[in-house]
Every structure is written in C-alpha cells, then in structure tokens.
Amino acid sequence: MAIDPFTVNETSYSRYGGATTQMPRFDNTNATYSYTAAPGSPRYSDVAGERPWYDPRDWSLRKKLIVAACIVVVIIAVVVGAVEGVKANAYPNYSRLSYNPVDVYSGASFFDNFEYFTGYDPTKGFVHYVDSAAANQLNLTHASDTTAVLRVDTAADNQTTGRRSVRITSHKKYDHGLFIFDVVHSPYGCSTWPALWLTDPSNWPDNGEIDVVESNNKGTHGNSMTLHTTKNCKMDVKRKQSGSTQQKDCLYTANANAGCGVEGPKSSYGEDFNKNGGGVYAMELRDAGIRMWMFPRDKIPSDISSNSSSPDPSKWGEAASDFPSTHCNIGSHFRNQSIVANIDICGEMAGSSKFYTDMYSCPTTCSQFAAEMGGNFTDAYWEFNSFKVYQA
C-alpha cells in the first residue's frame, strides 16, 4: 500500500534522528508540579543586594522618559555649542594679494581728476559747496607739484546762508582695491565736519559708503572709520583690529544713522596728527573684508614710503579697523565707489548738541559761529601729498 508522504504519525522521524515512539516516556504526564521555597531561603536582593539607582531595570516608565529627555537635551546643547563655537571663531582668509598700481592722484593736476559737488548738502550742513571756478577764485582749492589743498572759506564777512566750502568726487569708480591716502594736514575747528570717504553718490545707500577718515569740531577724539550699508551687514563677529568698536550694525539707519564705526586713538586725527607731519591712511577693499590702517609719518611701512609698485598689507600688522565679510557680503554691499573729500559745516553731526556743545564745548550755536567767525577756520583745511590706488 502506498504511504501518504504528508501523513505524520508516531513512527515518523523527528530531528532527534530516531522514531518518536522510541523516545522515553514518563508516568503521570498530566501531573502538575510546583515549587515552594524552603523555609528561611534568602531572597534575590538578600544575595545580590539592591540594584544601584542608575540601573534602569528598576526604573518606572516616567523616570525612564525623564532621563531620556535629559539626555536628548544634553546632546542638543553639545551640538549647538560646538556649532556656535565654530561660528564665533569664523574669520575670512585675508591671504596676500599681488597689487599693481592703477591710478595716482597728485601734482598740479590733482583736482582735474575730480568733480566739484554744488548741490544741496544731503546732511543738512550750514554750507555752500562751490564749483571749481569759485574755488579757484576764493583760493579754496589749489595744487602744486607736491601737494593739494582743500579748505573752508576764512572770509570775515557774515555768511548768513552758509559758509563756503568744497566737496570733490573722483570721476573714476572702484569695486575693489588698495587705497593709499598720504595726508599732511587734517581739518579741525568748531563747526567743521571733514571726511575722506568712498561712495557711489548716485546709488547711496544701495552701493554703500566707506568712511576712511572722519571727525568733527575740534577733532580731539581720534579718527572714526565707518561703514554705511543696506540691511544684512553686521560686525558682531570675530575681528582683528587695534581700534575701539563703536557700533556693530552697519545699516545706514541704525544707531541714529551712525552705521558701524571703529574709533582710532587721539593721535590718529586733528592737531596731534598734524604736529607729526601727518601720515598715511590705507584702506583695503576686497571680498574677504574691508580693513583700514593709519601710519604716522615716522612709521610708514617701507613698501609705501619707497613708492613700491606692490604694497603688501599682509606685512603691516594689525589693522586699525577690520570689517570682515563673515556676516556681510562685501561685494554686494560696496560697488562703484568714488573717492570723496570734503569739509562740511555743522550738519547732522558737527551741529548736534551731542558733539558741538557736550563733547567739544564750542561757543554760541554752530550756525552762528560758522556765519560770523570766519577767522576761526584757519586750520580747517586738507593738505594731501597724493592718493594712490592699487588693484590685484
């Protein structure tokens, strides 16, 4: 008879290698067994001891969830701390660039490279900016083979609608470069607001503003180096500079329109600067950031004083001001920059009580002083040896 291969019976083979019928059997296979500990037998905890508090096998579900949450918080804190630490120490690579000369502003033709601004003063100064012809007639600008001078009118007549002065803007514009300003004399005196700066006058503030040299009134608090930009340019980052940070948000409307400034020492501007024969202000504009230096006449680096064809800022030491690109896209915030030099009168800075009265203790009101005291403007002039521009 044929055997059904799918039938399982007691003669079938199991994994033990033999017939199940030959496996040993026990009597009373349906009996129920139980174990009762002998009297006096020790408990587990009496033998092994209580589990330590950190052993999770005795923890309640609530305790386990709390501990797990704490571990997650610690992990997040460690990760965030590490990321923030990296961000706090972020700093651009100011690697050496090979600069070559592109423009020199000097000699008797110095002012030929500039346009004379004659419009309404956008900073509300008590000033009349005159054109080239008037500046020559009044001797407010003149240039020789060695220096160029830009001054405020010192005439004694009562200039009731604003004192005459000059503002010049270079015809040429720059997106990047190394700018060397050799300055013999910086202007100072009550009601004055001088500046040597770069901007795109037709597209301000969109294309930014770089104040290389700026002060006001008696100018005894040192040079202010400042950026003015549209939004998303901040300096709350790692910086390498010798100057004192004044503000960190460069937005042109921030800090009562002050921008983000750095203040140099007292000797970096005004009478103290002039007594030493002036010096050199240098500004580097590049994608990595904007840096500025001030060198007294007797400490000018040799690659500047020797008229080297390729000055090297990487050898100049720590900058007076450092505006790195960490939280500011330099290329998008600063474009088409013209060189500007001017001496404003009063205006939003020099004429404010914060500076005119409180800081510098100047007499009467700013506009009255400017209108009536022409003889007090004898030190209100710029004198330049040259401006030199290099690009990589």
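A salt bridge is defined here as a Lys NZ or Arg NE, NH1 or NH2 lying under 4.0 Å from an Asp or Glu carboxylate O, and R163 with D157 fails to meet this definition.
Taking hydrophobic clusters as Ile, Leu, Val, Met, Phe, Trp and Tyr residues chained together by side-chain heavy-atom distances below 4.5 Å, V262 shares a cluster with F181. In the hydrophobic clustering of this structure, L140 groups with V152; members are Ile, Leu, Val, Met, Phe, Trp, Tyr whose side-chain heavy atoms approach within less than 4.5 Å, directly or through other members. Cluster membership for F117 and V212, using ILVMFWY side-chain heavy atoms within less than 4.5 angstrom, is shared. V389 and I330 fall within a single hydrophobic cluster, where Ile, Leu, Val, Met, Phe, Trp and Tyr side chains are chained together by heavy-atom contacts under 4.5 Å. Linking Ile, Leu, Val, Met, Phe, Trp and Tyr whenever their side-chain heavy atoms come within less than 4.5 Å puts I75 and V67 in one cluster.
Residues Y99 and D312 are not in side-chain contact: their nearest non-hydrogen atoms beyond the backbone lie 4.5 Å or more apart. The closest side-chain heavy-atom distance from P313 to E284 is below 4.5 Å. The side-chain heavy atoms of S170 and F387, taken from C-beta on, include no pair separated by under 4.5 Å. Within the 4.5 Å cutoff, side-chain heavy atoms of Q159 are placed close to those of D153. A heavy-atom distance below 4.5 Å is found between the side chains of N336 and D175. In this structure, T141 and N136 have side chains that are in contact, with non-hydrogen atoms separated by less than 4.5 Å. For the pair S165 and H128, the minimum side-chain heavy-atom distance is 4.5 Å or more. Looking at V183 and E383, their side chains never come closer than 4.5 Å, going by heavy atoms from C-beta outward.
D121 and D344 make their closest contact through OD2-OD2, 2.8 Å (heavy atoms, listed as atom of the first residue, atom of the second, distance). The two residues P194 and Y269 have their closest heavy-atom pair at CG-OH, 3.1 Å. The two atoms that bring L285 and Q337 nearest to each other are CD2-CG, 4.4 Å, heavy atoms only. Across all their heavy atoms, Y91 and Y94 have their closest contact at OH-CE1, 3.3 Å. Annotation for M292 and L227: closest pair CE-CD2, 4.4 Å, computed over non-hydrogen atoms. Taking each heavy atom of S325 and D287 in turn, the nearest pair found is CB-O, 3.3 Å.
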Donor-acceptor list for residues 365-382 side chains, cut-off 3.5 Å, not counting sequence neighbours:
from	atom 1	to	atom 2	distance (Å)
T365	OG1	Q368	N	3.3
D379	OD2	Y188	OH	3.3
W382	NE1	N342	O	3.2

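Donor-acceptor pairing under 3.5 Å is lacking for the side chains of H333 and N232. At a cut-off of 3.5 Å, with distance as the only test, a side-chain donor of W204 or E209 sits close to an acceptor on the other residue.
Here the two rings, on F295 and W316, have centers that are under 6.0 Å apart. The aromatic ring centres of F273 and H185 sit 6.0 Å or more apart. Ring centroids of F179 and Y174 are separated by less than 6.0 Å, placing the two rings close together. Y105 has its ring centre less than 6.0 Å from the ring centre of F114.
Between C233 and C260, a gap of 2.5 Å or greater is found separating the two SG atoms.
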Hey, mind stepping through H221 and Y360 against ring pair (Phe, Tyr, Trp, His ring centres under 6.0 Å) and telling me if it holds? CA-CA 10 Å; H221 287 264; Y360 291 108; 5.4 Å; yes
Take R239 and D322, measure what salt bridge (charged side-chain N to carboxylate O under 4.0 Å, His left out) needs, and give me the verdict at the end. CA-CA 6 Å; R239 306 166 78 174; D322 180 19; 5.7 Å; no
Determine, step by step, whether W193 and E214 satisfy the side-chain hydrogen bond (donor to acceptor under 3.5 Å, both in side chains) criterion, reporting the C-alpha distance in whole Å, the side-chain angles of both residues, the deciding distance to 0.1 Å, and the verdict. CA-CA 7 Å; W193 181 7; E214 184 178 28; 2.9 Å; yes
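Between the N329 side chain and the S332 main chain, a donor and an acceptor come within less than 3.5 Å of each other. Judged purely by atom type and a 3.5 angstrom limit, N255 uses its side chain to pair as donor or acceptor with the backbone of G259. A donor-acceptor pair under 3.5 Å is absent between the side-chain atoms of S109 and the main chain of D112, judged by distance alone. When atom types are taken as modelled, the side chain of T199 and the backbone of P201 share no donor-acceptor pair closer than 3.5 angstrom. In this structure, N217 contributes its side chain and S191 its backbone to a donor-acceptor pair below 3.5 Å.
Interatomic distance, CD1 of I66 versus NZ of K64, reported as 13.0 Å (0.5 Å rounding). Atoms OG1 and CD1, from T226 and I210 in turn, are 11.0 Å apart once rounded to the nearest 0.5 Å. The distance from the OG atom of S314 to the CZ atom of R96 is 6.0 Å, given to the nearest 0.5 Å. Between the OH atom of Y116 and the OG1 atom of T118 there is a distance of 12.0 Å, given to the nearest 0.5 Å. If you take CZ on R286 and CD on Q391, they are separated by 13.5 Å, rounding to the nearest 0.5 Å. R335 contributes atom CZ, which lies 8.5 Å from atom CG of D200 (distance to the nearest 0.5 angstrom).
Within 6.0 Å of NZ on K218 lie more than 12 heavy atoms contributed by other residues, nucleotides or ligands. With a 6.0 Å radius and a threshold of 12 heavy atoms from other residues, nucleotides or ligands, D236 has its CG atom above the threshold. By the neighbour-count criterion of 12 heavy atoms within 6.0 Å, atom NZ of K173 is densely surrounded, having more than that number from other residues, nucleotides or ligands. In the displayed structure, K124 atom NZ is contacted under 6.0 Å by at most 12 heavy atoms of other residues, nucleotides or ligands. Within 6.0 Å of NZ in K354 there are 12 or fewer heavy atoms belonging to other residues, nucleotides or ligands.
Relative to the six-membered ring of F323, R291 misses at least one condition, a distance below 6.0 Å or an angle of at most 45° to the axis.
Alongside Y120, the hydrophobic cluster contains no other residue (criterion: ILVMFWY side chains under 4.5 Å).
Contacts of N307 classified as side chain to side chain donor-acceptor pair (under 3.5 Å), with partners at least two apart in sequence or in another chain: K388.
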